[in-house]
Engineer: 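Before anything else, here's the structure in question.
Worth knowing before you read on, the calculation uses all heavy atoms, side chains too, and leaves out hydrogens, waters and symmetry mates.
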Amino acid sequence: MNKWSFIFLMLYSLAGWSQIRVESVSVHDTCELKVGDLVPEFVFQDTAKKKVSLKQFEGKYVVIDVWASWCYPCKQEYLALRGCVERYKDKKIVFVSLSCDTEEQRWRNELWWGKMNGNQWWIAGDESSMIAFRVKVIPRLILLDKKGRVMNLKLPKPSSSEFEKILKELKGIV
């Protein structure tokens, strides 16, 4: 690897650790969720800049993968998650990757750089969902039932055999 490539890679990785918030972050009145609670209708932004919510997936289980562009462990899990998306594509379960990046462009850059596809959403500056889901550490995976209620606030990583075991035990997934 030449000297300039090395310098670029080092600066690129350091830039992720130094996200600076320049504006105030929107937080709506919300409370922390627990297992069995119905998830409020949070509004996110998809890659086409459209407002989206989890309500559109009613009738299906939902796995939410909370990640950020600067999170190396999050990016390591993406391949395993993409494999699950492929294996369960004809089942009553959907996977939503929810970026908690504070800057939209960082999220978009990582989507392009990592060739990430599927349901890629961004919190769009509203951290209410992060508070409600008690996200303190990422990667974080959350499971919702078919009615939009919390089933599990701390799923194992997609690369774990325990993750696949939990999905296989879901009733009515076929």
Engineer: Could you go through the side chain to side chain contact (heavy atoms under 4.5 Å, CB included) check for Glu164 and Arg87 one step at a time?
Structural biologist: CA-CA 10 Å; Glu164 193 83 26; Arg87 281 191 298 284; 3.0 Å; yes
Engineer: Indicate yes or no: at least one non-hydrogen side-chain atom of Leu144 is less than 4.5 angstrom from one of Ile64.
Structural biologist: yes
Engineer: Taking side chain as C-beta onward, heavy atoms only, is Val52 less than 4.5 Å from Trp122?
Structural biologist: no
Engineer: Give the minimum heavy-atom separation between Leu38 and Gly148, together with the two atoms involved.
Structural biologist: CD1-O, 3.5 Å
Engineer: Do you know which two heavy atoms are closest between Ile93 and Lys60, and how far apart they sit?
Structural biologist: N-CB, 4.2 Å
Engineer: Hydrophobic cluster membership, with links at side-chain heavy-atom distances under 4.5 Å among I/L/V/M/F/W/Y: are Val43 and Val94 in one?
Structural biologist: no
Engineer: With a 3.5 Å distance limit and no angle check, can you tell me whether Arg140 reaches the backbone of Phe133 through a side-chain donor-acceptor pair?
Structural biologist: yes
Engineer: What closest approach, in Å, do Val150 and Leu153 show between heavy atoms, and which atom pair accounts for it?
Structural biologist: CG1-CG, 3.6 Å
Engineer: Heavy atoms, side chains only, cut-off 4.5 Å: are Pro158 and Leu141 in contact?
Structural biologist: yes
Engineer: SG/Cys100 to CH2/Trp121 distance, rounded to the nearest 0.5 angstrom?
Structural biologist: 15.5 Å
Engineer: Looking only at heavy atoms, which two atoms of Tyr61 and Lys146 are closest? And how far apart?
Structural biologist: CE1-CE, 3.5 Å
Engineer: Going by heavy atoms in the side chains, are Val62 and Leu143 under 4.5 Å from each other?
Structural biologist: no
Engineer: Mind running side chain to side chain contact (heavy atoms under 4.5 Å, CB included) on Val39 and Leu54 for me, showing each step along the way?
Structural biologist: CA-CA 9 Å; Val39 175; Leu54 297 165; 4.2 Å; yes
Engineer: When rounded to the nearest 0.5 angstrom, what distance separates CG in Asn109 from CG in Asp101?
Structural biologist: 9.5 Å
Engineer: Any idea which heavy atoms bring Ala132 and Phe42 closest together, and the distance?
Structural biologist: CB-CZ, 3.5 Å
Engineer: Can a donor-acceptor pair be found, under 3.5 Å and without considering hydrogens, that links the side chain of Tyr88 to the backbone of Ile173?
Structural biologist: no
Engineer: Over 60° means perpendicular and under 30° means parallel, so classify the ring planes of Phe95 and Phe163, tilted if in between.
Structural biologist: tilted
Engineer: Which heavy atom of Ile131 sits nearest to which heavy atom of Glu32, and what is that distance?
Structural biologist: O-CG, 3.5 Å
Engineer: How long is the span from the NZ atom in Lys91 to the SG atom in Cys84, to the nearest 0.5 Å?
Structural biologist: 13.0 Å
Engineer: Step by step, work out the side chain to side chain donor-acceptor pair (under 3.5 Å) result for Glu77 and Ser159.
Structural biologist: CA-CA 6 Å; Glu77 290 297 319; Ser159 60; 2.8 Å; yes
Engineer: If only atom types and distance count, is the side chain of Glu169 paired as donor or acceptor with the main-chain N or O of Ile166 below 3.5 Å?
Structural biologist: no
Engineer: Within this structure, what is the NZ-CZ distance for the pair Lys154 and Arg134, rounded to the nearest 0.5 Å?
Structural biologist: 8.0 Å
Engineer: Hey, are Glu104 and Arg108 close enough for a salt bridge, meaning a charged N less than 4.0 Å from a carboxylate O?
Structural biologist: yes
Engineer: Apply side chain to side chain contact (heavy atoms under 4.5 Å, CB included) to the pair Gln45 and Trp107, showing each step before the final yes or no.
Structural biologist: CA-CA 11 Å; Gln45 179 180 302; Trp107 166 62; 4.2 Å; yes
Engineer: Salt bridge check: are Lys157 and Glu162 linked by an N-O gap of less than 4.0 Å?
Structural biologist: no
Engineer: With the threshold set at 4.0 Å, does a side-chain nitrogen-carboxylate oxygen contact exist between Lys50 and Asp46?
Structural biologist: no
Engineer: Does Ser99 reach the side chain of Gln120, with side-chain heavy atoms less than 4.5 Å apart?
Structural biologist: no
Engineer: May I have the step-by-step check of side chain to side chain donor-acceptor pair (under 3.5 Å) for Glu110 and Tyr78, ending in yes or no?
Structural biologist: CA-CA 12 Å; Glu110 191 57 41; Tyr78 181 68; over 6 Å; no
Engineer: Does the side chain of Asp37 reach to within under 4.5 Å of the side chain of Arg149, using non-hydrogen atoms?
Structural biologist: no
Engineer: Begin from the C-alpha positions of Phe57 and Val96 and carry the test side chain to side chain contact (heavy atoms under 4.5 Å, CB included) through to its verdict.
Structural biologist: CA-CA 10 Å; Phe57 299 124; Val96 175; 3.6 Å; yes
Engineer: CG/Leu111 to OG/Ser69 distance, rounded to the nearest 0.5 angstrom?
Structural biologist: 9.5 Å
Engineer: Is the shortest heavy-atom distance from the side chain of Ile123 to the side chain of Val66 under 4.5 Å?
Structural biologist: no
Engineer: If we only count heavy atoms from C-beta on, is the Pro139 to Trp67 side-chain gap below 4.5 Å?
Structural biologist: no
Engineer: What's the separation between atom CG in Asn119 and atom CG in Asp65, rounded to the nearest 0.5 Å?
Structural biologist: 11.5 Å
